[in-house]
Amino acid sequence: MVREILETECSELLDLYLHLHESEVPSKTPELIEAWRSIMEDKNHHIIVKIEDGKIVSSVVCVIIPNLTRGVRPYAFIENVVTHKDYRGRGFASECLNFAKDIAKRENCYKMMLLTGSKEESTLKFYENAGYNSSDKTAFIQWL
């Protein structure tokens, strides 16, 4: 089953992020609790999860960003694409990305953007197969 995350599933999502790039699960500090509350209350912030074997095994974040160009149509930003290492290669991340695409279409977005830090050929091919390309735009990152 693919769906949006429930408010009670923060801890499970944080555990899954150990398979993304986190080295430890963050403590439930007031800052983390406030960030989670803010995400849950934001109608434009969607955390999509794949449930398998009764647990979250894959997830994608889709944020709809209001926009004043392109006919005042928003765009979607995709981030934190992750699948538990024991569940990779089964199409679960693709299911989450497709769910995000459905949200973007429903919200009348004119495009979806996704950034990856991976240089792995298999990861880049995965995103290409999901319909993304790396030729239309050039991304620059400034770490703060």
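Since the structure is predicted, the reported quantities are computational estimates derived from the model, not experimental observations.
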Using distance only, find each side-chain donor-acceptor pair of residues 116-124 under 3.5 Å and give its atom names and separation, not counting sequence neighbours.
| residue | atom | partner | partner atom | Å |
| --- | --- | --- | --- | --- |
| T116 | OG1 | S118 | N | 3.1 |
| S118 | OG | E120 | N | 3.0 |
| S118 | OG | T123 | OG1 | 3.4 |

Distance-only criterion, 3.5 Å: show the donor-acceptor pairs between side-chain atoms of residues 72-79 and protein atoms not counting sequence neighbours.
| residue | atom | partner | partner atom | Å |
| --- | --- | --- | --- | --- |
| R73 | NE | N108 | O | 3.0 |
| R73 | NE | N108 | OD1 | 3.4 |
| R73 | NH2 | C109 | O | 2.9 |

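In terms of the side-chain hydrogen bond (donor to acceptor under 3.5 Å, both in side chains) criterion, Y132 has no residue partners (sequence neighbours excluded). For H84, the ring pair (Phe, Tyr, Trp, His ring centres under 6.0 Å) partners two or more places apart in sequence, or in a different chain, are H19, Y87. Qualifying side chain to side chain contact (heavy atoms under 4.5 Å, CB included) partners for N80, counting only residues two or more places apart in sequence or in other chains: Y17, L20, H21, V61. In this structure, the side-chain hydrogen bond (donor to acceptor under 3.5 Å, both in side chains) partners of N67, at least two apart in sequence or on a different chain, are T69. Residues satisfying the side-chain hydrogen bond (donor to acceptor under 3.5 Å, both in side chains) test with E41, not counting sequence neighbours, are R37. Under the side chain to side chain contact (heavy atoms under 4.5 Å, CB included) criterion, C10 pairs with L14, L32, W36, sequence neighbours left out. The side-chain hydrogen bond (donor to acceptor under 3.5 Å, both in side chains) search around T83 returns S58, not counting sequence neighbours.
Under a hydrophobic clustering in which Ile, Leu, Val, Met, Phe, Trp and Tyr are joined whenever their side-chain heavy atoms come within less than 4.5 Å, directly or via other members, M40 and I56 fall into the same cluster. Hydrophobic clustering, with ILVMFWY side chains joined whenever heavy atoms are under 4.5 angstrom apart, keeps F99 apart from I47. Residues V49 and V82 share a single hydrophobic cluster, defined by chaining ILVMFWY side chains whose heavy atoms lie under 4.5 Å apart. When hydrophobic clusters are built by joining Ile, Leu, Val, Met, Phe, Trp and Tyr residues whose side-chain heavy atoms come closer than 4.5 Å, directly or via intermediates, M113 is grouped together with I141. Following chains of ILVMFWY side-chain contacts shorter than 4.5 Å, one cannot reach V60 starting from I51, and the two form parts of different hydrophobic clusters.
A distance of 13.5 Å separates CZ in R70 from CG in L68, rounded to the nearest 0.5 Å. Separation of atoms NZ (K55) and CG (L16) is listed at 10.0 Å; rounding is to 0.5 Å. Distance CD/E107 to CD1/I65: 12.5 Å, rounded to 0.5 Å. Rounding to the nearest 0.5 Å places OH of Y127 at 10.0 Å from CG of L115.
Between C62 and I64, the closest heavy-atom pair is SG-CD1, 3.9 Å. Taking all atoms of both residues into account, the shortest heavy-atom contact from C96 to V2 is CA-CG1, 4.3 Å.
Within the structure, salt bridge (charged side-chain N to carboxylate O under 4.0 Å, His left out) contacts touching residues 80-106 (residues at least two apart or in different chains) are K50-E95. For residues 9-32, the salt bridge (charged side-chain N to carboxylate O under 4.0 Å, His left out) pairs, not counting sequence neighbours, are R3-E9. Pairs of residues two or more places apart, or lying in two chains, that qualify as side-chain hydrogen bond (donor to acceptor under 3.5 Å, both in side chains) and include a residue from residues 135-144 are N133-S135, N133-D136.
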Report task. Might you work through the side-chain contact (heavy atoms from CB on, under 4.5 Å) test for I5 and I39, ending with a clear yes or no? Result -> CA-CA 11 Å; I5 199 162; I39 290 167; over 6 Å; no

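Side-chain contact check for I103 versus I48: some heavy-atom pair is nearer than 4.5 Å.
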